[in-house]
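Heads up: the structure comes next, in structure tokens.
Values below: every heavy atom of this structure, side chains too, minus hydrogens, waters and symmetry copies. Residues take their numbers from the sequence shown, with the count starting at 1.
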Amino acid sequence: MAGTKFAYVRNFELPDPLLPDTYLVCRLDGHSFHRFSDEHGFSKPNDERALQLMDHAAKSTMIEFKDIMLAFGESDEFSFLFRKSTNLYNRRHSKILTMLTSYFTSCYVFNWSQYFPDTPLRYPPSFDGRIVVYPTERAIRDYFSWRQADTHINNLHNTIFWALIQKGGQTTTEAHATLRGTVSATKHEMLFSRFGINYNEISQRFKKGSVIVREIVHIPSHPQSINEGDEMPPLDPPRQKRSKAKKKNKLETTVEVLHCDIIGDEFWLARPHLLQN
């Protein structure tokens with residue numbers, strides 16, 4: 001592009017690269033979703049349709065951005081883990097953050113009617129975002145452990161809080177007063193003794209959140225073992241293209257939604273590729 005006398009204004013644009021060779025975690029949060037959920041009649045304490053819509057938007061985001069290895073969601077938030085070696089947009093903070101936030105939000109709005117066919121959007125939802133860099137695998141595991149622990153704590157509180165209102169006839173003020181200073185064991189006992197609710201039998205989606213993971217797909221060695229409708233890999237690509245194909249298809253993956261524990265070792269030991277470069 002030809003230069004003009006106005007081009008000097010580009011000097012005011014400052015570079016904002018993220019620290020190299022570190023994990024990137026981008027966390028998106030719904031903006032004023034207490035109001036948004038009330039305006040659109042979300043069920044309390046959990047609306048499964050709303051959570052499925054969040055999962056859909058997050059999964060679509062992971063499919064679009066291949067360097068995202070893992071995402072974790074609860075309520076109106078999602079955290080996305082980028083591989084340590086990612087060079088997406090040359091690791092420009094503003095570019096990654098704005099693209100991820102806008103794409104996720106667009107997916108949320110685009111798929112709204114699929115999960116809320118009888119509830120038109122009354123106003124546009126929005127999400128804010130932040131990116132934090134983490135240097136070690138331990139820090140990443142602790143981050144996602146923190147988010148899942150937070151999911152359990154919030155869900156237990158919300159479950160008893162709304163039981164006191166919906167089944168116990170209390171006002172929100174009275175329910176807050178009833179729960180003030182209580183510990184987890186007290187909330188469990190109160191749920192069971194007063195409302196016959198066994199918290200351990202509540203859906204794993206509500207207790208553990210949504211874990212969206214990039215799983216490795218193993219291509220069958222025998223063509224006859226491929227299911228009908230599956231895409232058949234080329235049996236013998238031309239010699240000149242073979243090396244390029246190997247480089248391009250080092251790892252074939254699929255994106256899956258789980259509701260499982262990620263605090264213990266089992267999840268991570270079964271998926272070492274999540275934290276590899």
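Of the inter-residue distances, the one linking E215 atom CD with L258 atom CG reads 6.0 Å to the nearest 0.5 angstrom. Distance check, rounded to the nearest 0.5 Å: NE2 of H40 to CG of L121 gives 4.5 Å. Taking CE of M62 as the reference point, atom OG1 of T254 lies at 9.5 Å (rounded to 0.5 Å). Between N111 atom CG and Q52 atom CD the span is 12.0 Å, to the nearest 0.5 Å. Here the NE2 atom belonging to H31 is positioned 13.5 Å from the OG1 atom belonging to T101, to the nearest 0.5 angstrom.
Between Y143 and Y134, the ring planes are tilted. Angles from 30° to 60° get that label. Ring pair H56/Y115 is perpendicular by interplanar angle, where above 60° counts as perpendicular and below 30° as parallel.
For the residue pair N155/N46, the side-chain donor-acceptor check at 3.5 Å is satisfied. Side chains of D150 and N154: a donor-acceptor N/O pair is present below 3.5 angstrom, by distance only. The closest side-chain donor-acceptor pair between K187 and T159, if any, does not fall under 3.5 angstrom.
Between the side chain of W112 and the backbone N or O of P120, no donor-acceptor pair lies under 3.5 Å.
A pairwise comparison of heavy atoms in Q170 and R194 identifies NE2-NH2, 3.9 Å as the closest pair.
The pair K207-D261 fails the salt-bridge criterion, with no side-chain N (NZ, NE, NH1 or NH2) lying under 4.0 Å from an Asp/Glu carboxylate O. For the pair R138 and D142, the salt-bridge criterion is met [side-chain N within less than 4.0 Å of a carboxylate O].
Through direct or indirect side-chain contacts shorter than 4.5 Å among Ile, Leu, Val, Met, Phe, Trp and Tyr, F206 is connected to L51, L156, I160, F161, W162, L164, I165, L179, M190, L191, F195, I197, Y199, I202.
In this structure, K44 places its NZ atom where more than 12 heavy-atom neighbours from other residues, nucleotides or ligands lie under 6.0 Å away. Dense packing is recorded around CD of E48, with more than 12 heavy atoms of other residues, nucleotides or ligands lying under 6.0 Å away.
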For residues 9-20, which side-chain N or O atoms pair as donor and acceptor with protein atoms under 3.5 Å away, sequence neighbours left out?
unit_1 : atom_1 : unit_2 : atom_2 : d
N11    : ND2    : Y8     : O      : 3.2
D16    : OD2    : S94    : N      : 2.8
D16    : OD2    : S94    : OG     : 2.8

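Each of W146 and I153 belongs to its own hydrophobic cluster when Ile, Leu, Val, Met, Phe, Trp and Tyr are linked at side-chain heavy-atom distances under 4.5 angstrom.
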Q: Show your reasoning for whether ring-ring contact (aromatic ring centres under 6.0 Å, His included) applies to F127 and F78.
A: CA-CA 10 Å; F127 293 82; F78 248 100; 9.6 Å; no

